[in-house]
Amino acid sequence: MSSPGGKSSSIPLMGNEEEPTIFELSCTGRKSYTMRSTGVPVNELKDLVDGMFLRDDELDLVEVSERDLVAHFTRLSHRQFSVDLGFYPLGSCTMKYNPKFCDEVASYESLVLIHPATPSKFCQGWLDLCFKLTGALKEITGMAGGTLQPAAGAQGELTGLLLIKAYHESRGESRKKVIIPNTAHGTNPASVTLSGYEPVTIGTNKDGLVNIDELKAILDDDVAAIMLTNPNTLGLFETEIAEIASLVHNIGGLLYYDGANLNAILGAVRPGDMGFDVVHLNLHKTFATPHGGGGPGAGPVLVSKRLLDFLPSPIVTQEGDRFIFTYPKHSIGRIHSWFGNAVVLARAYAYIVFHGNDGLKTVGELAVLNARYLKERLKEYFPPAYDSPPMHEAVLTAESVTKETGIKALDIAKGLLDRGFHAPTIYFPLLVHEALMIEPTETESLETVDSLIDSLEEIYRCAYEDPELLKTAPMNTPVSRVDEARAARQLKPVYKRDTPA
Amino acid sequence: MNFSPHTTEDVRSMLNFLGLDDLSDLYGHIPKELLFHGKLNLPDGLSEFDAKTHILEISGKNLQHGNTLVCFAGGGSYDHDISAATNSLASRSEFVTAYTPYQPEVAQGVLQALFEFQTLVTRLTALDVSNASLYDGASSLVEAVNLATSHAKKERVLLSAGIHPNWRQVVETFAIGTGHQVETLPLRNGITDLSDVDMTNVAAIAVASPNALGFLERIDNLANTAKENKALLIQVFDPIAASVLKSPGASGADIAVGEGQSLGMPLSYGGPYLGLFAVKSEYVRLIPGRLVGETVDKLGRKAYVTTLRSREQDIRREKASSNVCTNQTLIAIRAAIQMSWLGTNGIKEVAKISASSAHYLANQLVQAGFALAYDSPFLYEFSIKIKIDPEEVVEAVCYEGMLPGIARYPHEIPGISSNLLTIATTEKRTKDEMDRLVSILKKIAL
């Protein structure tokens, strides 16, 4: 079946020529810049500032013409896979289409030319936008209030945990532990450690859900919170969440919701209604702000009523027809140099108002439909790790293929690169052997999902018929498999003229 | 409204294949009492045009008489010019819509651009290694504090009051979790003075130069004091200023952190910005965030890959010393492009023109009757004393279409003796604009 999103449409467009570094293109005497005349005479710095403060070593950045600069970065862009080029079935990452009109919004001068130290009276537009976005996120999550400051999901996690800490301490309790399932995102335990708590891992039951018996055994008054993702990272809905919530609340603990997988339940289930006290969202996942090759993201945190007084400062509140900054009574303080990744927030707000209540619900439904269809069609080749109905993503295992042919999840991933797709997430969650974690998202068509399925079936057959071909994959990409061990052993994080590559 | 390509027929055939009747059946295994019934209390969806109009209406409230304010504010965010080439290249959707480069075979574009960014930052700071960016200047400072305390195995951290007050607050917030003892060193005569400071159990001293008031600090002397006390010196630097000032590396700083907004990001109401982070090579294995290294592929061709992955939170999990995962890759690429466009000489020109204008403006203000806060050297940001409430001055000038600077008070910057207005110039500000600012301030604030 032909595919607009995968197969032959993408890889042949990628640049296979090695590109020299910008430093190798540099040539003394070339330049791109021009400088305006300000009307003020330009002085030598030594006439303005005592020489002991001035640079005495020779600065050497680069000297390139604008033409060479543009060609260089354009050629680099041709060596890069992207959502606009093809399909990223990356589990847990929600690589949906990033609407173009949001790019336009992100370029509005009335948004981007505003200095963050502008008095709030003179940037009411920004305050209004932040207020409206917070309101929409409260409604979508079923929470009572929130902060937009965290710049990414991981920063949101840490912020949420510090809120939990502040809450317990305000009650004179110094609890020590935070419970995390063994399927959790890697950032969860890292954030717990940095919040000063001790992460305690609990297991998963035969259905791929939190093991409630293990949870009961571990719950005591030293537990500050449990961090959950629902649907969890196996793509499964924690159907016993209400019981989990009441067990944790009964010992005085709180529930933290990792919003990485919110896309699955938009408009259908709300974290607040499930009993969660803190929620972080990844706007670059659910609300389609572009990933930018690894940021900028945005990780707002929403809270239940009992945590409102601890929110980071400042927050925006409405007073009549004006918007003002307020400082919660027992605020944990500031999280960001200013107010967060503001322009990313504007993109997410644009996405939300475009979709409206019905549109958001459809997003969730079609994301689940694509994933469930994909799992059902692939199960005879790559069975699901657990047999419960998947939500927005399907976690499959290649374990039997690996046993029978030696072809690993990694080889399958690289084989997909050769076939014009990005690879799925592999080897995660950690408890699934040879995991293939596939999240098709709602913006990929049936034809595109079908063509991914066809390619995986073909790879499956290839594993049995010609495994060597997969072990040497990818060969159609700008570079073949990369020597990661050498990169770590002979560390070279900086270009140096004299060192041969 | 949505962006799903599914036709009604597609949905029906997929549901049929799954043996389901309706989309709501996809949630059939979820307990009924957990399902959200009814509609979210959000407006109905809008067409693209209506959505854009709605946001233009809201953002229009950021304008004064239909214009943005002429900007004399700094504090880590500067109104520098951005080249059209930078805007164009950094808007290429191959960069904008890429994922984190976990599959290096199809991510050489982002990886090489980050490698070039890292190299440019090391050249600017004269330090050995730069990471691939952090969230913003404040988050870089937090991570530097964490690196220093875990390296030095000591808990006290001294922050100069000359570091932007917001950043100091961010460090204090995250110290709730790590338990570090964060103390503020009051300024003396507008700069940091370590002469009577108790240096026991100090892991790091962090100092900004130029500082929040615009004044330059003797990082070399402060670094010597740090070294004598087996503490690390963290310098908060400004990337444009660093092109002409004694570099963090040459001054003896162990870690340089900075806000990279000046390198091609619009003011953007404070974000997304760019956390810069560079260290001496001895700390390379403690660097937070991502690091790109050069290597080869199977066929021996040059290739780039994120490296020292064992440091990353996804592997170390509970042993991690940082939880940073996503960074600001697109902004780092943007900065690499803008730095290349400016090049060795252009970046120095920006610093020189901005500094010339700041000194002109400072002189005009002194001639008009204002007093500089301190008689200390500065580059393109400086502070004047304000007898009345400086925030009222800022607002009054805003009505005239100009943002005159940032109001500073003794309670937020310990060690300053009066209310100040901190003013910044860039290469964009003209003599006419500066003369106008002087005449407005003269009317309002003398």
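Within every chain, numbering begins at 1; the chains are lettered A, B, ... in the order of the sequence lines, protein sequences first and strands thereafter. Predicted model, so just to flag it, every value in this text is computed and none were measured.
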Exercise. B:N62 side chain to A:S110 main-chain N or O, any donor-acceptor pair under 3.5 Å?
Worked result: yes
Does the plane of the ring in A:Y88 sit parallel, tilted or perpendicular to the ring in B:Y99? Use 30° and 60° as the thresholds. perpendicular
List, one per line, each side-chain donor-acceptor pair under 3.5 Å for residues 343-350 of chain B, sequence neighbours excluded.
from, atom 1, to, atom 2, distance (Å)
B:T344, OG1, A:L61, N, 2.9
B:T344, OG1, A:V62, N, 3.4
B:T344, OG1, A:V62, O, 3.4

- Between B:V170 and A:R334, is a side chain to side chain contact (heavy atoms under 4.5 Å, CB included) present by the stated rule, with each step listed? CA-CA 5 Å; B:V170 173; A:R334 201 177 255 283; 4.0 Å; yes
Closest heavy-atom pair, A:A190 versus B:S322, reported as atoms and distance to 0.1 Å, is CB-O, 4.1 Å
Hits for side-chain contact (heavy atoms from CB on, under 4.5 Å) against B:S93, two or more places apart or cross-chain, chain-then-number order -> A:D84, A:K100, B:T97
Taken to the nearest 0.5 Å, the spacing of A:T21 OG1 from B:E294 CD works out to 8.5 Å
Notebook entry, point to check: Is any side-chain heavy atom of A:D56 less than 4.5 Å from a side-chain heavy atom of B:K246?
Noted result: yes
Most contact-rich option vs chain A, by heavy-atom pairs under 4.5 angstrom, among B:H54, B:R429, B:H164, is B:H54
Mark yes or no for whether B:T295, through its side chain, and A:R486, through its backbone, hold a donor-acceptor pair below 3.5 Å. no
Practice prompt. Could you check A:R270 against B:L40 for side chain to side chain contact (heavy atoms under 4.5 Å, CB included), going step by step and ending with a plain yes or no?
Written response: CA-CA 10 Å; A:R270 305 194 306 171; B:L40 290 172; 4.0 Å; yes
- Task: Take A:W338 and B:Y269 through the test side chain to side chain contact (heavy atoms under 4.5 Å, CB included) and record every step on the way to the result.
- Result: CA-CA 8 Å; A:W338 298 103; B:Y269 200 54; over 6 Å; no
message = We want to know whether A:H115 and B:D79 form a side-chain donor-acceptor pair, criterion being a heavy-atom distance below 3.5 angstrom.
response = no
Max heavy-atom pairs within cutoff under 4.5 Å with chain A, candidates B:D81, B:T68, B:I331, goes to B:T68
| query | Going by the angle between their ring planes, with limits at 30° and 60°, are A:Y33 and B:W341 parallel, tilted or perpendicular? | reply | perpendicular
Between B:F95 and A:F73, what is the ring plane arrangement, given parallel below 30°, perpendicular above 60°, and tilted in between? perpendicular
dist B:N2:CG -> A:T362:OG1 (nearest 0.5 Å) comes out at 5.5 Å
Taking every heavy atom of B:L403 against every heavy atom of A:A117, the minimum-distance pair comes out as CD1-O, 4.4 Å
Honestly, the part of A:P41 sitting under 4.5 Å from a heavy atom of chain B is backbone
Interface check, chain A: of B:T122, B:L379, B:N327, most non-hydrogen pairs under 4.5 Å belong to B:N327
Highest number of heavy-atom pairs under 4.5 Å with chain A among B:L299, B:I337, B:I333 belongs to B:I337
Practice prompt. Determine whether the aromatic ring centres of B:Y27 and A:F237 lie less than 6.0 Å apart.
Written response: no
With chain A, the option among B:I406, B:V305, B:L35, B:N41 that has the most non-hydrogen atom pairs under 4.5 Å is B:N41
Looking only at B:Q118, B:E259, B:E33, the option with the highest number of non-hydrogen pairs under 4.5 Å against chain A is B:Q118
Side chains of A:L446 and B:S13: closer than 4.5 Å at any heavy-atom pair?
yes
Side chains of B:D297 and A:S480: is there a donor and an acceptor less than 3.5 Å apart? yes
Checklist entry - Do other residues, nucleotides or ligands put more than 12 heavy atoms under 6.0 Å from the CD atom of A:E109? => result no
Trace of the side chain to side chain contact (heavy atoms under 4.5 Å, CB included) decision for A:D273 with B:L34:
CA-CA 7 Å; A:D273 301 339; B:L34 293 179; 5.9 Å; no
